[in-house]
A.B. asks: 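My structure is below; once you've seen it, I'll send some questions.
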Amino acid sequence: QVQLVESGGGSVQAGGSLKLSCAASTFMDTSNALAWFRQAPGKEREGVAAIYVGGGVTFYADSVKGRFTISQDKAKKMVYLQMDSLKPEDTAMYYCAAGRAVIVFRELSDDEYGAWGQGTQVTVSS
(Lines give C-alpha, C1' and ligand atoms only; values in the text may rest on other atoms or scores of the structure.)
Protein backbone atom coordinates (compact mmCIF):
# COMPACT_ATOMS: atom_id res chain seq x y z
CA GLN A 1 0.00 0.00 0.00
CA VAL A 2 1.33 3.43 -0.93
CA GLN A 3 1.10 6.24 1.59
CA LEU A 4 1.21 10.03 1.89
CA VAL A 5 1.87 11.11 5.46
CA GLU A 6 2.22 14.74 6.51
CA SER A 7 4.01 16.03 9.57
CA GLY A 8 5.46 19.26 10.93
CA GLY A 9 2.33 21.25 11.69
CA GLY A 10 1.93 23.21 14.87
CA SER A 11 1.24 26.61 16.39
CA VAL A 12 3.44 29.62 15.72
CA GLN A 13 3.26 33.39 16.06
CA ALA A 14 2.84 35.64 13.04
CA GLY A 15 6.16 36.12 11.29
CA GLY A 16 7.41 32.71 12.32
CA SER A 17 8.29 29.67 10.26
CA LEU A 18 7.30 26.04 9.94
CA LYS A 19 8.48 23.26 7.66
CA LEU A 20 5.97 20.61 6.65
CA SER A 21 7.10 17.19 5.48
CA CYS A 22 5.31 14.60 3.40
CA ALA A 23 6.52 11.02 3.18
CA ALA A 24 5.64 10.16 -0.41
CA SER A 25 6.59 6.47 -0.48
CA THR A 26 6.28 5.19 -4.07
CA PHE A 27 4.61 8.37 -5.34
CA MET A 28 7.97 9.81 -6.36
CA ASP A 29 8.07 7.13 -9.06
CA THR A 30 4.41 7.04 -10.11
CA SER A 31 3.35 10.71 -9.90
CA ASN A 32 4.21 13.54 -12.25
CA ALA A 33 3.41 16.19 -9.65
CA LEU A 34 3.19 16.61 -5.91
CA ALA A 35 1.37 19.44 -4.20
CA TRP A 36 0.30 21.04 -0.96
CA PHE A 37 -3.29 22.14 -0.37
CA ARG A 38 -4.93 23.78 2.60
CA GLN A 39 -8.42 24.28 3.91
CA ALA A 40 -9.44 26.81 6.52
CA PRO A 41 -12.79 26.81 8.36
CA GLY A 42 -15.56 28.09 6.12
CA LYS A 43 -13.35 28.23 3.03
CA GLU A 44 -12.79 26.05 -0.01
CA ARG A 45 -9.73 23.88 -0.34
CA GLU A 46 -6.90 25.90 -1.86
CA GLY A 47 -3.84 24.76 -3.75
CA VAL A 48 -0.82 26.53 -2.31
CA ALA A 49 2.19 24.93 -3.99
CA ALA A 50 3.02 22.22 -6.52
CA ILE A 51 6.13 20.68 -8.01
CA TYR A 52 6.67 18.57 -11.11
CA VAL A 53 8.59 15.50 -9.97
CA GLY A 54 10.61 15.09 -13.15
CA GLY A 55 11.90 18.59 -13.69
CA GLY A 56 11.32 20.30 -10.37
CA VAL A 57 9.30 23.18 -11.83
CA THR A 58 7.21 24.79 -9.11
CA PHE A 59 3.94 26.70 -8.87
CA TYR A 60 2.55 28.84 -6.06
CA ALA A 61 -0.68 30.50 -5.16
CA ASP A 62 -0.42 34.29 -5.18
CA SER A 63 -1.23 34.33 -1.48
CA VAL A 64 1.96 32.44 -0.57
CA LYS A 65 4.36 33.50 -3.35
CA GLY A 66 7.66 34.62 -1.88
CA ARG A 67 6.89 33.15 1.54
CA PHE A 68 6.46 29.41 0.90
CA THR A 69 8.87 27.07 -0.87
CA ILE A 70 8.05 23.56 -2.06
CA SER A 71 10.89 21.12 -2.58
CA GLN A 72 11.52 17.41 -2.98
CA ASP A 73 14.15 14.90 -1.99
CA LYS A 74 13.87 11.99 -4.39
CA ALA A 75 16.39 9.83 -2.53
CA LYS A 76 14.37 10.10 0.67
CA LYS A 77 11.03 10.14 -1.20
CA MET A 78 9.98 13.28 0.65
CA VAL A 79 8.29 16.51 -0.35
CA TYR A 80 8.54 19.59 1.85
CA LEU A 81 6.82 22.91 2.31
CA GLN A 82 8.96 25.57 3.95
CA MET A 83 6.68 28.30 5.27
CA ASP A 84 8.21 31.62 6.27
CA SER A 85 6.71 34.94 7.33
CA LEU A 86 3.55 33.17 8.40
CA LYS A 87 0.34 35.15 8.73
CA PRO A 88 -2.83 34.40 10.70
CA GLU A 89 -4.65 33.83 7.40
CA ASP A 90 -2.31 30.88 6.75
CA THR A 91 -4.10 29.00 9.52
CA ALA A 92 -5.54 25.84 7.98
CA MET A 93 -5.30 22.10 7.70
CA TYR A 94 -2.54 21.35 5.20
CA TYR A 95 -2.66 18.30 2.94
CA CYS A 96 -0.06 16.63 0.75
CA ALA A 97 -1.32 15.30 -2.59
CA ALA A 98 0.04 13.33 -5.54
CA GLY A 99 -1.17 13.27 -9.14
CA ARG A 100 -0.30 10.83 -11.92
CA ALA A 101 -1.05 13.10 -14.88
CA VAL A 102 -1.33 16.71 -13.76
CA ILE A 103 -1.58 19.02 -16.78
CA VAL A 104 -0.47 22.57 -17.43
CA PHE A 105 -2.60 25.32 -15.88
CA ARG A 106 -4.08 22.76 -13.47
CA GLU A 107 -1.18 22.28 -11.07
CA LEU A 108 -3.03 23.87 -8.15
CA SER A 109 -6.41 22.30 -8.89
CA ASP A 110 -7.43 19.58 -6.46
CA ASP A 111 -9.26 17.55 -9.11
CA GLU A 112 -5.89 16.74 -10.68
CA TYR A 113 -4.75 14.81 -7.61
CA GLY A 114 -5.85 11.32 -6.74
CA ALA A 115 -3.90 10.54 -3.58
CA TRP A 116 -4.11 12.54 -0.37
CA GLY A 117 -2.57 12.52 3.06
CA GLN A 118 -4.47 12.85 6.31
CA GLY A 119 -3.51 16.47 6.91
CA THR A 120 -1.52 18.41 9.47
CA GLN A 121 -2.82 21.47 11.31
CA VAL A 122 -1.07 24.84 11.07
CA THR A 123 -2.19 27.60 13.42
CA VAL A 124 -0.71 31.10 13.24
CA SER A 125 -1.52 33.54 16.02
CA SER A 126 -1.23 37.32 15.97
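We count residues from 1, following the sequence as given. Everything numeric in this text was worked out from a predicted model, so none of it was measured.
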A.B. asks: Rounded to the nearest 0.5 Å, what's the gap from NZ on Lys19 to CE on Met83? Could you check?
C.D. replies: 11.5 Å
A.B. asks: Evaluate the ring planes of Tyr94 and Phe68, with Trp represented by its six-membered ring, and classify them as parallel (under 30°), tilted (30 to 60°) or perpendicular (over 60°).
C.D. replies: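 Tyr94 vs Phe68 ring planes: tilted.
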A.B. asks: Measuring from atom CZ of Arg100 to atom CZ of Phe27, what distance do you get when rounded to the nearest 0.5 angstrom?
C.D. replies: 9.5 Å
A.B. asks: Is the closest side-chain heavy-atom distance between Val53 and Lys74 below 4.5 Å?
C.D. replies: yes
A.B. asks: Please give me the minimum heavy-atom distance between Ser126 and Ala14, naming the atom from each residue.
C.D. replies: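 Heavy atoms of Ser126 and Ala14 come nearest at CA-CB, 4.4 Å.
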A.B. asks: Please answer whether the main-chain N or O of Phe105 pairs with a side-chain N or O of Glu107 as donor and acceptor at a distance below 3.5 Å.
C.D. replies: yes
A.B. asks: Hey, what do you get for CG (Leu18) to CD (Gln82), rounding to the nearest 0.5 Å?
C.D. replies: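 So the gap between those two atoms works out to 8.5 Å.
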A.B. asks: Leu81 pairs by side chain to side chain contact (heavy atoms under 4.5 Å, CB included) with which of Ile51, Val122, Val64, Leu20?
C.D. replies: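 The residue from Ile51, Val122, Val64, Leu20 that satisfies side chain to side chain contact (heavy atoms under 4.5 Å, CB included) with Leu81 turns out to be Leu20.
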A.B. asks: Angle class for the Phe59/Tyr52 ring planes (parallel below 30°, perpendicular above 60°, tilted otherwise)?
C.D. replies: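 Judged by the thresholds at 30° and 60°, the geometry between Phe59 and Tyr52 is perpendicular.
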A.B. asks: Write down the atom of Tyr113, the atom of Gly99, and the distance for their closest heavy-atom approach.
C.D. replies: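 Looking at all heavy atoms of both residues, the closest pair is CD2-N, 3.3 Å.
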A.B. asks: Heavy atoms only: give me the nearest Arg67-Asp90 pair and the separation to one decimal.
C.D. replies: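 Closest pair (atom of Arg67, atom of Asp90, distance): NH1-OD2, 2.7 Å.
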A.B. asks: Is it the case that more than 12 heavy atoms not belonging to Arg45 sit under 6.0 Å from its CZ atom?
C.D. replies: yes
A.B. asks: Any idea which heavy atoms bring Gly114 and Trp116 closest together, and the distance?
C.D. replies: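 So the two residues come closest at C-CD1, 4.0 Å.
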A.B. asks: Side chains of Glu89 and Ser63: donor-acceptor distance under 3.5 Å anywhere?
C.D. replies: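 Result is no, nothing qualifies.
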A.B. asks: Do Lys87 side-chain atoms and Val124 backbone N/O form a donor-acceptor pair below 3.5 Å?
C.D. replies: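 Side chain of Lys87 to backbone of Val124: no pair is present.
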A.B. asks: Please check if the side chain of Asn32 supplies one atom and the backbone of Val102 the other of a donor-acceptor pair under 3.5 Å.
C.D. replies: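 The answer is yes, because a donor-acceptor pair under 3.5 Å joins these two groups.
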A.B. asks: Side chains of Gln121 and Thr91, heavy atoms from C-beta outward: is any pair under 4.5 Å?
C.D. replies: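 Yes, close enough: below the 4.5 Å cut-off.
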A.B. asks: To the nearest 0.5 angstrom, please state how far the CD1 atom of Ile103 sits from the CD atom of Glu112.
C.D. replies: 5.0 Å
A.B. asks: Hey, could you give me the OG1/CD distance between Thr123 and Gln13, rounded to the nearest 0.5 Å?
C.D. replies: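 Between atom OG1 of Thr123 and atom CD of Gln13 there are 13.0 Å.
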A.B. asks: List the atom of Thr69, the atom of Tyr60, and the distance in Å for their closest heavy-atom pair.
C.D. replies: CA-OH, 3.3 Å
A.B. asks: In terms of hydrophobic clusters joined by side-chain contacts under 4.5 Å, are Leu4 and Leu108 together?
C.D. replies: no
A.B. asks: So, does Glu6 use its side chain to make a donor-acceptor pair with the main chain of Thr120 at under 3.5 Å?
C.D. replies: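 Not at all, since once roles are kept as given, no pair shorter than 3.5 Å links the two residues.
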A.B. asks: So, taking the atom named CD in Gln3 and the one named SG in Cys96, what distance separates them when rounded to the nearest 0.5 Å?
C.D. replies: 12.0 Å
A.B. asks: Is there a path of hydrophobic side-chain contacts, each under 4.5 Å between heavy atoms, that joins Met78 and Phe37?
C.D. replies: no
A.B. asks: Considering only heavy atoms from C-beta outward, does the side chain of Leu34 approach that of Cys22 to under 4.5 Å?
C.D. replies: no
A.B. asks: If every non-hydrogen atom of Tyr95 is compared with every non-hydrogen atom of Gly117, which pair is closest and at what distance?
C.D. replies: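 Taking every non-hydrogen atom into account, CD2-O, 3.6 Å.
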